[in-house]
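Worksheet for the structure shown next.
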Amino acid sequence: MVYISPVDTVLMVFRIFVFLRKSMTNTFPKKERLKSKKLIEALFSEGQSVSAYPLRLVYLETTLKTDVHAQTGVSVSKKHFKRAVDRNRIKRLMREAYRLKKGAFFNNITTQYALMILYIGKKMPTYTEVESKMNQLLAKFLNDIK
RNA sequence: UCGGCAAUUCGCCUUGUCGCUCUUCUGCAAAUUACAUUUUGCAUGAGGGAGGAAAGUCCGAACACCGCAGUGCGCCAUAGUGGUUAAUAGCCACCGAUCGUAAGAUUAGGAAAAGUGCAACAGAAAGAAUGUACAGAUCAUGCUGUAGUGAAAUCAGGUAAACUCUAUGGGGUGCAAUGCCAUGUAUACCAACGCUAAAGAGUUGCACGCUCGAUGUUGGAGGGUAGGCAGCUAAAGUGUAUUGGUAACACUACACUCAGAUAAAUGACAAGGACCUCUUUGAGGUACAGAAUUCGGCUUACAGAUUUGCCUGUUAA
């Protein structure tokens with residue numbers, strides 16, 4: 001007969017809650033971002049790409065140092081958007097869409113990837129546009145790597 | 001009240017859900033150690049988190065390194081007088097000039113008897129030129145004077161945002177500077193020996209001058225790679241008040257701590273409100289724009305508000 005104190009029970013419930021929350025989380029912390037210069041260079045020279053205009057995803061299967069599904073970066077051309085405010089806005093929209101959508105797509109992936117999402121359009125998008133295109137893009141990506 | 005001039009302050013707000021980054025309290029885990037401790041990771045909580053221009057990178061500095069800047073020429077910058085400042089080409093005051101009825105605005109404001117160049121219209125001619133008419137002088141004339149054009153016409157004047165001259169000042173490169181750590185291996189690094197005294201390299205654009213100086217041997221040490229840490233935010237700091245000064249500004253006192261990211265945080269969405277516009281039970285709009293070593297200026301962009309002082313005229317009193 002194992003005795004379980006009420007305090008332990010509370011602690012266990014709390015831990016289970018935390019675990020569940022973690023698995024379905026929508027966060028996008030530093031370790032999930034693509035930061036290494038070398039990896040980015042390799043990504044652009046060797047990676048493959050899929051696109052759902054005005055978004056384009058460059059990906060490369062690789063081994064990362066941390067235990068995340070993918071490291072992802074976003075980028076906007078300086079050519080099409082000259083002002084830093086506009087580029088910031090688009091990058092934030094893309095990051096937000098990726099953050100909310102990635103959980104649904106990446107939970108069953110076994111290998112690790114380096115990803116770079118580019119905005120190749122020339123007009124300022126709205127959030128709903130970016131969101132729907134992100135869905136298409138990630139679906140295409142999953143389809144490609146199967 | 002309308003119009004104008006100069007300046008001041010601000011430049012959307014609230015709530016909810018989901019996130020990012022930095023700091024910090026606590027808890028848990030791991031590593032390390034004999035222990036204390038320290039470091040790292042994760043989680044909850046608390047707190048901070050773009051601008052007046054953060055922009056252009058046009059000046060001036062701080063800071064850092066390279067170097068020792070020596071001479072001559074060249075090049076660049078500045079240009080009334082006085083003040084202010086860490087410093088400036090900024091700022092303030094005054095004088096002059098130009099514009100405006102005025103409040104005010106602008107100011108590239110040294111020198112034309114050192115030289116070169118340039119000059120609309122008018123005029124014969126604007127400096128290698130001497131016309132025409134009249135008068136005078138003379139042996140004679142292209143000599144002298146007057147008329148006429150023009151701002152200026154023969155011992156002239158304008159122009160230096162034309163060259164030029166004068167006075168003063170000016171090493172170079174920029175935080176991707178630079179230092180340390182980790183990984184870790186070859187040519188360019190350093191020293192000594194040796195060789196040559198030429199080529200060549202560096203030193204500000206050139207010349208002189210100066211320094212290094214191929215290859216090789218030995219020893220030391222590190223190059224490259226934006227990996228990490230430091231530099232990196234408590235400072236020529238911000239606010240208020242007194243005093244001095246016409247002012248820029250300075251002194252003193254009190255209070256405050258206010259982003260530090262690095263493929264680069266400061267957000268996304270929804271609802272409500274505020275203000276503005278219109279075609280008014282609605283619709284649309286809320287500028288310019290995003291920190292990157294840090295300050296002081298300048299310049300440029302800007303929807304809409306806000307307050308203060310002043311000026312002229314009109315109307316009313």
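Order of the sequence lines sets the chain letters (A, B, ...), proteins ahead of strands, with each chain counted from 1.
As rounded to whole Å, 14 Å separates atom C1' of A263(B) from atom CG of L115(A). Look at CZ on R87(A): it is 14 Å from C1' on A54(B), rounded to the nearest Å. The nearest whole Å value for the distance from the CZ atom in R89(A) to the P atom in A268(B) is 5 Å. Summarising the geometry, the separation between CD on E131(A) and C1' on G19(B) is reported as 15 Å, rounded to the nearest angstrom. Protein atom CZ of R99(A) is 12 Å distant from nucleotide atom P of A268(B), rounded to whole Å. In this structure, K101(A) atom NZ and C269(B) atom P are separated by 14 Å, rounded to whole Å. Summarising the geometry, the separation between CZ on F28(A) and P on A265(B) is reported as 11 Å, rounded to the nearest angstrom. Regarding K91(A), its NZ atom lies at a distance of 6 Å from the P atom of A264(B), rounded to whole Å.
Both distances falling under 3.5 Å, in either a Watson-Crick or a G-U wobble arrangement, place C269(B) opposite G16(B). Across all strands shown, the partner of C193(B) is G216(B), judged by Watson-Crick or G-U wobble contacts whose two distances both fall under 3.5 Å. Base-pair partner of A54(B): not found among the strands shown (Watson-Crick or G-U wobble, both distances under 3.5 Å). Judged by Watson-Crick or G-U wobble contacts below 3.5 Å, the nucleotide C75(B) has G170(B) as its partner. A255(B) is paired with U238(B) under the criterion used here, namely a Watson-Crick or G-U wobble arrangement in which both key atom distances are under 3.5 Å. When Watson-Crick and G-U wobble pairs are counted only if both distances are under 3.5 Å, U81(B) pairs with A93(B). Pairing for C2(B) goes to G313(B), judged as Watson-Crick or G-U wobble with the two contacts each under 3.5 Å. The partner of A125(B) cannot be assigned: no Watson-Crick or G-U wobble pair with both contacts below 3.5 Å exists in any strand.
With its glycosidic angle within 90° of 0, C258(B) adopts the syn conformation. Taking 90° from 0 as the syn/anti boundary, the base of U233(B) is oriented syn. In this structure, A197(B) is classed as anti because its glycosidic torsion departs from zero by more than 90°. Annotated as anti: G284(B), whose O4'-C1'-N torsion sits more than 90° from 0.
Distance check: E129(A) CD to M124(A) CE gives 11.0 Å after rounding to the nearest 0.5 Å. Atom CD1 in I90(A) sits 10.5 Å away from atom OG in S75(A) (nearest 0.5 Å). The NZ atom of K101(A) lies 10.0 Å from the CE atom of M134(A); values are rounded to the nearest 0.5 Å.
Between R83(A) and D86(A) there is a salt bridge, since at least one side-chain N of the basic residue sits less than 4.0 Å from a carboxylate O of the acidic one.
The gap from the P atom of G245(B) to that of C288(B) amounts to 48 Å, rounded to the nearest Å. The P atoms of C275(B) and A305(B) are separated by 13 Å, rounded to the nearest whole Å. G70(B) and A54(B) are spaced 39 Å apart, taking the P atom of each and rounding to whole Å. G60(B) sits 15 Å from G174(B) when the P atoms are compared, rounded to a whole Å. Separating the P atom of G202(B) from that of C190(B) is a span of 15 Å, rounded to the nearest Å. Taking the C1' atoms as reference points, G49(B) lies 34 Å from A7(B), given to the whole Å. Taking the C1' atom of each, A103(B) and G3(B) are spaced 13 Å apart, rounded to whole Å. Taking atom C1' in both C91(B) and A119(B), the straight-line distance is 40 Å, to the nearest Å.
Among the nucleotides U266(B), C269(B), A50(B), the one closest to the side chain of Y127(A) is C269(B). With distances taken from any side-chain atom of E96(A) to the nucleotides G267(B), A289(B), C269(B), the minimum falls on G267(B).
Heavy atoms only, all atoms of each residue included: S51(A) and K140(A) are closest at O-NZ, 2.7 Å. Smallest separation of non-hydrogen atoms from A70(A) and Y98(A): CB-OH, 4.3 Å.
In this structure, R95(A) and R83(A) both approach RNA chain B, and ranking their closest nucleotides by distance from the 5' end singles out R95(A). Comparing T126(A) and M116(A) against RNA chain B, the residue whose closest nucleotide sits nearer the 5' end is M116(A).
In the interface, the side chain of R92(A) is not paired with the base of G19(B) through any donor and acceptor atom under 3.5 Å apart.
S77(A) and Y119(A) are not linked by any side-chain donor-acceptor pair at a separation below 3.5 angstrom, with hydrogens and angles left out of the test.
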